[in-house]
Student: 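Take this structure, written in structure tokens, and hold onto it; I'll ask about it next.
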Amino acid sequence: MIRYKTVEEIQVIKESAQILGKAHAEVAKAIKPGVKTKDLDKIADEYIQDHGGWPSFKNYHGFPTALCISVNEVVVHGFPGDYELKEGDIISVDCGVKFKGFHSDSAYTYPLEGVSEEVLKLLERTRESLYLGIAQAKVGNRIGDVSYAVQSYVEQFGYGVVRELVGHGVGKELHEDPEVPNYGKRGKGPKIAEGMVFAIEPMINMGTKDVSQDKDGWTIRTKDHKPSAHFEHMVAVFKDRTEIVTTHEYIEESYKFKWRSKSR
Ligand code: MG
Ligand code: MG
């Protein structure tokens, strides 16, 4: 069941997303070779709680931390830990905030120094696909239009679109209906209507679309161990427009990396 949000509820979600965007930026400032991923988690956890929020992922179905940190071949849901970042890595940071009863959720994948041109392109194109998906998230379209926009863009480069994990509605629950797959057909799926708030989050693999889950019950990695990228925004649908309610602006101010593509 899709829960449609009022304008007032969307306003609270935006407040939640502001804390989230700034928490992401604090993490971004610390990303460099030699840093342990658990130290990044601590930064986000403290920032969120110091600003009146709660890290949505912490204790969510037993997930232990504020961040999901997924390095290189890990697609999503990696645990922060003792791993030390090194040159040539890519690191996806996914985070959620609960504030005044409403969640926000966004993710960003960072290239460290020394990343190959090939991997950089994967990141850039995954990020681009997110904005192509967002452009389709408007009244009159269906979720399949969003899915198709993401899939058709990235598959032309021979990338794999993960099937097992999808975007989702967000509100009082972290994961609500509808599901927002990164693959699908134009004109199919639920109608996009005023009051819907959902996360679009392409998870795109350099090689095969197939993934496996570690014995820890969480960590998802590519079957061929090639790298995977993940970018996520939430949108709110209004009658006459769609707004991106999460922000990567603070991240992109803090992490001085120039994307060549034009999208935000
Ligand atoms: Mg999400
Ligand atoms: Mg997320």
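For ligands, and for the atoms within them, numbers begin at 1 and follow the listed sequence. All residue numbers refer to positions in the sequence shown, counting from 1.
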Student: Do the ring centers of Tyr131 and His233 come within less than 6.0 Å of each other?
Tutor: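 Yes, they do, as the ring centres are separated by less than 6.0 Å.
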Student: Could you tell me which N, O or S atom of Asp105 is nearest to the Mg ion (ligand 2)?
Tutor: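 Output for this pair reads OD1.
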Student: Here's a test for you: under side-chain contact (heavy atoms from CB on, under 4.5 Å), which of Asn182, Val235, Ile192, Asn141 qualifies with Val146?
Tutor: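 Of Asn182, Val235, Ile192, Asn141, side-chain contact (heavy atoms from CB on, under 4.5 Å) with Val146 is met by Ile192 alone.
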Student: Examine His168 and say whether one of its N/O/S atoms is closer to the Mg ion (ligand 1) than 2.8 Å.
Tutor: yes
Student: Of all N, O or S atoms in Glu201, which has the smallest distance to the Mg ion (ligand 1)?
Tutor: OE2
Student: From Glu232, does some N, O or S atom reach closer than 2.8 Å to the Mg ion (ligand 1)?
Tutor: yes
Student: Ring-plane angle category for His51 and Tyr47, please: parallel below 30°, perpendicular beyond 60°, tilted otherwise.
Tutor: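 Parallel.
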Student: Could you identify the N, O or S atom of Asp94 positioned closest to the Mg ion (ligand 2)?
Tutor: OD1
Student: Is any side-chain heavy atom of Glu201 closer than 4.5 Å to a side-chain heavy atom of His168?
Tutor: yes
Student: Is a salt bridge present between Lys42 and Glu46, judged by a nitrogen-to-oxygen distance below 4.0 Å?
Tutor: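 Result for this pair is yes, salt bridge flagged.
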